[in-house]
Amino acid sequence: MIACLGRIVQDTDADSIPDDDVSTLSESLDLQGTIESGGITGVAGKDFGGLYSVKPLALIKPSGTEDIARVVNAASRTSHLTVAARGNGHSINGQAMADGGFVIDMRSTEENHFKPLTIDGSHYIDVSGGALWEDVLKRCVSMFRLAPRSWTDYLSLTVGGTLSNAGVSGQAFRFGPQTSNVTELEVVTGKGEITVCSETQNSELFFGALGGLGQLGIITRARVKLQRAPDMVRWIRVVYTEFEEFTRDAEFLVTQEEGESFDYVEGFVFSNSDDPINGWPSVPLDPDHEFNPAYIPQTAGSVLYCLEVALHYRNSDRPSTVDTAVSRLLERLGSIQRLKFQLNVSYVEFLLRVKQGEEHAKANGNWDSPHPWLNIFISKSSIVDFDRTVFRKMLKDGIGGPMLIYPLLRSKWDSRTSVVLPEGEIFYIVALLRFVPKGPTVEKLVAQNHEIIKWCNKEGLDFKLYLPHYQSKEDWKRHFGNQWTRFVERKTSFDPMAILAPGQKIFKRTHIIKP
Ligand code: FAD
């Protein structure tokens, strides 16, 4: 059957396969799952960014790993077909697309794995690469009172999708990104081989696939470290006028031992104005909280900074114990005393906090509009310059969405993975999460992102794009820097024909046909 598909696609242009040829394709692949082609590939040619769209040859809904291996093997027998795993399609720049190729809907495998394990007294969960983190959270907490340690802010993302990038949120300062919190993967390589890998077994594939932008293999299962889930979270926001004080406190908190700091540390920049999206109203955690601008010192500039922290606790903890722990930590901070917002929420509610924003954005039409987002890792040595020019000048009126900024520690990231970071122990993630508006066009905002990157390069800032997006090999080489050779070697070993994740635009499909 696979040989038959090889014949079809070698002899025919992908584009010329007729719309009604689903059954031929389907028969050729001999899948347990389903295949859709022609005009019914639906979301497969779109993503959250809304900036790119392409036409895939077919959307595959595999029933499991064997189906995925079959699709990759079939593509490898052609001269040109590519395969993109699509997690939840929450990329910005077409990274999960395959122009004229196969798109694999990983969500159709989300139920395939969900198995708790205890190894040497530590808890783990085996989950599908296509599972959504929000489902992993809900099931782990409700069934075992356990939870993964490291998260993303928004959880309608797949396990394989975030592990192919890094997976960063306010817990990463303590536990590292999500890529530092898995111990085993099952991967379908670009050679169509199903391989289990870990630090000690097929370690090149294990570390290469983590942060590997989908280039080396499709993650079909991951073993995720768990910890005991807290019941509740005290969620707090405090405000600063001075960037130096904000960064000093944020860095202080992320460098303290567990028990001596908060369990979650993030931050954001907002404009010093009453703008409902970009200004003071974006800070309070609850509609009942009021942001009183009279407390802002006269010396404040065009933008202000919010440090967002959270402390875990249990239902059995006395309220006074939690209050004391919080006060002890807040006392050490130099924020504006009277601009402090606090809320007690359940742990699950806290981790699902962005879902509320999603519902709101869906209701006002902003969720489905384009999102020209920009994510950058910037070294501590460059962050003051970045603030001075980018936040305080270029973006001083806001961007129509959050401008996140918080510090991370390089030592919590494993340098054997494919993730690329700036130099130095402390670096910041800056996320410009634009929800496009009325007003400037999308092109203008994309151009502004380019202008920011261009400025960072011109000024010699030490930075790397997170969720990178480049068009030319030269740019990718520069991005990977001294890790480029290792990345190319891994690619050559595990996906020698460059079949996988063509939407990243790093390697071109080669024409070697498997014997
Ligand atoms: P997709 O966009 O579908 O895929 C991304 C890439 O990974 C593609 O190249 C694809 O081919 C590849 N891929 C997908 N699945 C697999 C797999 N199983 N095996 C191998 N390769 C695969 N990121 C953070 O780190 N922290 C955040 O807090 C955060 N918040 C976000 C909030 C929102 C609202 C959005 C839209 C994105 C956010 N992201 C965040 C970014 C997110 O991590 C990436 O966009 C991620 O790629 C999306 O996951 P996905 O499952 O939709 O993957």
Side-chain angles (χ1 to χ4, degrees), residues 43-44 46-50 52 62 65 68 72 82-98 101-110 112 127-134 150-172 177-179 185-190 205 208-222 264 266 351 353-355 357-358 361-362 366-368 371 373-375 377 401-402 404 406 408 418-419 429 431 433-435 466-469 494-495 499-506:
V43 295
K46 299 182 193 147
D47 65 17
F48 181 80
Y52 294 81
T65 307
I68 295 172
V72 175
T82 54
V83 178
R86 184 179 200 273
N88 208 23
H90 277 53
S91 290
I92 299 301
N93 295 293
Q95 286 97 331
M97 296 180 191
F102 292 124
V103 173
I104 298 188
D105 175 7
M106 295 303 293
R107 294 278 314 274
S108 69
T109 65
E110 63 192 345
N112 290 17
V127 290
S128 298
L132 291 183
W133 283 107
E134 64 188 28
S150 184
W151 294 99
T152 46
D153 293 348
Y154 171 70
L155 304 189
S156 297
L157 307 170
T158 63
V159 169
T162 68
L163 290 178
S164 297
N165 285 293
V168 187
S169 186
Q171 307 82 10
Q178 291 179 316
T179 44
L185 302 175
E186 178 191 76
V187 173
V188 176
T189 67
L205 179 60
L210 293 171
L213 307 174
Q215 294 302 302
L216 310 184
I218 297 177
I219 299 168
T220 48
R221 175 177 63 76
Y264 162 100
E266 288 204 6
L351 288 177
R353 64 198 178 279
V354 179
K355 200 82 190 166
E358 174 179 353
K362 275 186 171 154
N366 276 349
W367 192 258
D368 298 319
H371 300 98
W373 287 9
L374 182 64
N375 288 269
F377 292 141
L404 305 185
Y406 54 94
L408 298 163
S418 298
V419 184
I429 180 166
L433 310 180
R434 302 167 185 276
F435 279 78
Y466 176 50
L467 311 167
H469 163 59
F494 301 111
D495 183 23
I499 288 168
L500 300 176
Q504 299 279 4
K505 299 194 170 64
I506 307 176

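First listed ligand is number 1; within each ligand, the first listed atom is number 1.
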Gln95: numbered ligand 1 atoms lying under 4.0 Å from its heavy atoms = 8 (C), 9 (O), 11 (O)

Between the side chain of Ser418 and the main-chain N/O of Gly208, is any donor-acceptor distance below 3.5 Å?
-> yes

Ligand 1 to Leu467, heavy atom cutoff 4.0 Å, flagged ligand atoms 41 (C), 44 (C)

Can you list the atoms of ligand 1 that are under 4.0 Å from a heavy atom of Gly214?
-> 21 (N)

Within a distance under 4.0 Å of any heavy atom of Trp367, pick out the atoms of ligand 1 and give their elements.
-> 34 (C)

Which atoms of ligand 1 sit under 4.0 Å from any heavy atom of Asp153?
-> 27 (C), 28 (O)

Judged by non-hydrogen atoms, does Trp373 sit under 4.0 Å from ligand 1?
-> yes

Side chains of Asp153 and Leu404: closer than 4.5 Å at any heavy-atom pair?
-> yes

Which atoms from ligand 1 have a heavy atom of Arg86 less than 4.0 Å away?
-> 3 (O)

What's the spacing between Arg107 CZ and Leu132 CG if we round to 0.5 Å?
-> 4.0 Å

Distance-only, no hydrogens or angles: does the Asn93 side chain make a donor-acceptor pair with backbone N or O of His469 under 3.5 Å?
-> no

For ligand 1, note which part of Trp133 has a heavy atom under 4.0 Å away: side chain, backbone, both or neither.
-> neither

Between Trp367 and Tyr154, does the ring centre distance come in under 6.0 Å?
-> yes

Less than 6.0 Å separating the ring centroids of Tyr264 and Trp151?
-> no

Between Ala501, Gly161, Gly94, Pro177, flag the one that comes closest to atom 15 (N) of ligand 1 by a heavy atom.
-> Gly161

Protein contact of atom 11 (O) of ligand 1 - nearest heavy atom, named by residue and atom, plus distance | Ala85 O, 2.7 Å

Under 3.5 Å donor-acceptor, Ser150 side chain and Ala172 backbone | no

For Lys46, does the NZ atom sit with more than 12 other heavy atoms under 6.0 Å from it, leaving out its own atoms?
-> no

Within-4.5 Å side-chain heavy-atom neighbours: Leu213 and Pro468 | yes

Heavy-atom check, side chain of Ile429 versus side chain of Glu266, under 4.5 Å = no

Between Asp47 and Arg86, is there a salt bridge with N-O shorter than 4.0 Å?
-> no

Answer side chain, backbone, both or neither: which part of Asn165 comes under 4.0 Å from ligand 1, heavy atoms only.
-> side chain

Which atoms from ligand 1 have a heavy atom of Gly167 less than 4.0 Å away?
-> 25 (O)

Protein residue, atom and distance nearest to atom 25 (O) of ligand 1, heavy-atom basis | Tyr466 OH, 2.6 Å

Nearest-neighbour protein heavy atom for atom 38 (C) of ligand 1, which is reported as residue plus atom name and distance | Leu157 CD1, 3.9 Å

Nearest 0.5 Å, what's the CG-CZ distance between Leu408 and Phe377?
-> 6.5 Å

Does Ala431 come within less than 4.0 angstrom of ligand 1, counting non-hydrogen atoms of the residue?
-> no

Side chain, backbone, both or neither: which part of Glu358 has a heavy atom under 4.0 Å from ligand 1?
-> neither

Under a heavy-atom criterion of less than 4.0 Å, does Gly89 contact ligand 1?
-> yes

Check ligand 1 against Thr162 and write out every atom of the ligand that is under 4.0 Å from a heavy-atom position of the residue.
-> 43 (O)

Check each of Leu500, Ile219, Ile218, Thr179 against atom 18 (N) of ligand 1 and report the one with the nearest heavy atom.
-> Ile219

Using a 4.0 Å heavy-atom cut-off, say whether Ser164 meets ligand 1 through its side chain, its backbone, both or neither.
-> side chain

